[in-house]
Amino acid sequence: MSALLPMPRLRPALARAERGDGATSPDSAGRRELADAYGRVATDLRVSLTDRCNLRCTYCMPAEGLPWLARDELLSDAETIRLVEIGVRLLGIGTVRLTGGEPLLRRGLEQLVADIAALRPRPVIALTTNGIGLATRAAALAEAGLDRINISLDTLDRNTFKQLSRRDRLADVLAGVSAARAAGLRPVKINTVLMRGINDREAPALLHWAMAEGVQLRFIEQMPLDAQHAWQRSEMVTADEIRDRLSTTVELVEDEADARRRGSAPAELFRVGGTEHRVGIIASVTRPFCGACDRVRLTADGQIRNCLFARTESDLRTSLRSGASDEEIADQWVVAVRGKRAGHGIDDPSFLQPSRPMSAIGG
Ligand code: SAM
């Protein structure tokens, strides 16, 4: 396992009295932290709303798609909101990011956002999306209470987009980016995965486009999370390569203030010389940031996962459907997070790719 970087952001304790199972006891209002054995506290909940997607990105899933979850396996809207409410009210969750699969495919997404915005304390609400269909929905999502958005875009070239995603939808994604800005969502972040020999040469062009659009670009190292299990470390475009490639056209400045503010953010930020624009590089594989991780995941079928690479899950759906109380569910969730591993372990010789692909976990 790589060195743990940097120290976790520790929140003021809600309740830290140790119990026999290593979890903490609730305070008088029934609240407690999602603390793990390494001193990290999970406050950022990633909620997958569906495992389905309308793209077939080659690094994510095969051309024919995947065996999707059956309808009755998925949490209903009411079940999703109940679990998010337990997280927010009892367990210190402060940010809720909706993802998938493709979350815009979930019917009633606007109402889900509104229901989450009505929770108290009101969490920050974010969405990770491929942007298809966003052009007509960004304003309603912002109106419902969406605060931030990440849109995935790997190329500005129509043919490369078709090759990478197996769909001819570049124009829809670009329209979605414009609509997100027009709807006042801030910041608009763009997630980009570079693939060797396919879109890696486009890194500088993507950065110049992002600067012109006023959006923040973040390059993500490709991770071993594809359904086909075809990922090879030697093929991955590394954070250092991305930096070198960008540096051929712009100066990348490491800003001390950015480094201080990084906290649990996965992206290392660089200022583009001569501007106030920032570009992020997420070195999930070559410089993991597990030591500062404050994330916990809820899959579309109601399983708690501590990490994209976790090999175990805690089944909240069964508890929910067998009549468990909010406190019992919170208790189960606390115990699950207590077992979070120190790191994702991609570098361990014993590393095994998780059986669920990224699209089924919630990216
Ligand atoms: N459909 C939504 C989207 O496209 O943003 C949300 C889910 S998608 C799985 C979330 C992000 O994960 C996307 O930016 C996608 O490019 C990225 N992603 C998918 N597979 C990946 C992999 N193997 N390594 C790194 N990022 C990956």
Side-chain angles (χ1 to χ4, degrees), residues 46-62 65-66 68 97-106 109 126-134 137-138 141 146 148-155 160-161 164-167 169-170 172-174 176-177 180 185 188-196 198-200 202 206 210 215-233 235-239 242 266-267 280-286 288-289 295 297-300 305 307-309 344 346 351 353-354 356-363:
R46 309 278 160 127
V47 181
S48 175
L49 295 177
T50 176
D51 58 334
R52 292 172 192 249
C53 192
N54 41 8
L55 296 181
R56 295 285 180 273
C57 299
T58 51
Y59 54 80
C60 193
M61 64 172 80
L66 293 165
W68 311 121
R97 175 172 294 279
L98 303 173
T99 180
E102 175 43 51
L104 289 176
L105 294 181
R106 174 88 177 217
L109 176 64
L127 181 72
T128 300
T129 172
N130 62 28
I132 296 173
L134 190 61
R137 296 174 71 185
L141 285 164
L146 185 66
R148 301 179 188 164
I149 196 158
N150 288 21
I151 303 173
S152 304
L153 176 65
D154 299 329
T155 175
T160 309
F161 191 97
L164 258 176
S165 70
R166 302 186 179 105
R167 298 289 186 271
R169 307 300 295 270
L170 175 62
D172 300 82
V173 180
L174 295 177
V177 173
L185 296 169
V188 175
K189 294 184 184 173
I190 304 294
N191 290 347
T192 301
V193 177
L194 292 181
M195 303 289 287
R196 197 174 296 290
I198 298 175
N199 63 338
D200 53 339
E202 264 194 79
L206 280 158
V215 295
Q216 190 190 99
L217 186 64
R218 296 131 37 94
F219 292 99
I220 309 175
E221 281 180 343
Q222 189 200 355
M223 295 178 277
L225 286 167
D226 54 315
Q228 310 90 304
H229 289 224
W231 179 88
Q232 285 183 7
R233 193 183 178 112
E235 278 302 300
M236 178 188 72
V237 182
T238 66
I242 297 167
I281 302 183
I282 303 182
S284 324
V285 178
T286 58
F289 32 85
R295 288 174 279 286
R297 291 167 193 277
L298 176 65
T299 64
R305 292 178 71 95
C307 176
L308 282 170
F309 297 96
H344 59 42
I346 294 177
F351 175 74
Q353 188 170 333
R356 287 212 211 212
M358 176 85 129
S359 57
I361 296 169

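Order of appearance sets the numbers: ligands from 1, and atoms from 1 within every ligand. Please read these numbers as outputs of a predicted model, since none were measured by experiment.
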Open item on the list: Could you measure the distance from the CE atom of Met195 to the SG atom of Cys57? Nearest 0.5 Å is fine.
Closed with: 9.5 Å

TODO: Kindly indicate whether atom 23 (N) of ligand 1 is approached by any protein heavy atom to under 4.0 angstrom.
DONE: yes

- [ ] Determine whether any heavy atom of Gly101 lies closer than 4.0 Å to an atom of ligand 1.
- [x] yes

Task: Part of Thr128 with heavy atoms under 4.0 Å of ligand 1, whether side chain, backbone, both or neither - done: both

Task: Among Met223, Glu102, Arg97, closest by any non-hydrogen atom to atom 25 (C) of ligand 1 - done: Met223

- [ ] Starting from the C-alpha separation in whole Å, work towards a yes-or-no answer on side-chain contact (heavy atoms from CB on, under 4.5 Å) for Thr160 and Leu170.
- [x] CA-CA 9 Å; Thr160 309; Leu170 175 62; over 6 Å; no

Task: Atom indices of ligand 1 within 4.0 angstrom of Thr99 heavy atoms, with elements - done: 6 (C), 7 (C)

TODO: Kindly write out the residues that satisfy ring pair (Phe, Tyr, Trp, His ring centres under 6.0 Å) with Tyr59, not counting sequence neighbours, or none if the list is empty.
DONE: none

Task: N/O donor-acceptor pair under 3.5 Å between Arg56 side chain and Arg166 backbone - done: no

Task: Partners passing side-chain contact (heavy atoms from CB on, under 4.5 Å) against Asn54 (at least two apart in sequence or in another chain) - done: Glu102, Leu105, Asn130, Ile132

Task: Residue and atom name of the nearest protein heavy atom (relative to atom 17 (C) of ligand 1), distance in Å to one decimal - done: Met358 CE, 3.8 Å

- [ ] Among all protein heavy atoms, pick out the one at the shortest distance from atom 4 (O) of ligand 1; state its residue, atom name and that distance to 0.1 Å.
- [x] Ser152 OG, 3.2 Å

Open item on the list: Heavy-atom pairs closer than 4.0 Å: do any link ligand 1 to the side chain of Asn130, the backbone, both, or neither?
Closed with: both

- [ ] Could you list the atoms of ligand 1 found under 4.0 angstrom from a heavy atom of Asn191?
- [x] 14 (O)

TODO: Ignoring angles and geometry beyond distance, decide whether Gln222 reaches within less than 3.5 Å of ligand 1 through its nitrogen or oxygen atoms.
DONE: no

Task: N/O donor-acceptor pair under 3.5 Å between Arg297 side chain and Gly362 backbone - done: yes

TODO: Determine, using heavy atoms of Gly100 and all atoms of ligand 1, whether some pair is separated by less than 4.0 Å.
DONE: yes

TODO: Give a yes-or-no answer on whether the side chains of Arg97 and Thr128 include a donor-acceptor pair shorter than 3.5 Å.
DONE: yes

- [ ] Report the part of Thr129 in contact with ligand 1, treating N, CA, C, O as backbone and CB onward as side chain, heavy atoms under 4.0 Å; options are side chain, backbone, both, neither.
- [x] backbone

Task: Nearest protein heavy atom with distance in Å, relative to atom 16 (O) of ligand 1 - done: Tyr59 OH, 2.8 Å

TODO: Output the distance between atom OG1 (Thr155) and atom CD1 (Ile198), rounded to the nearest 0.5 Å.
DONE: 10.5 Å

Task: Heavy-atom check, side chain of Arg233 versus side chain of Thr238, under 4.5 Å - done: no

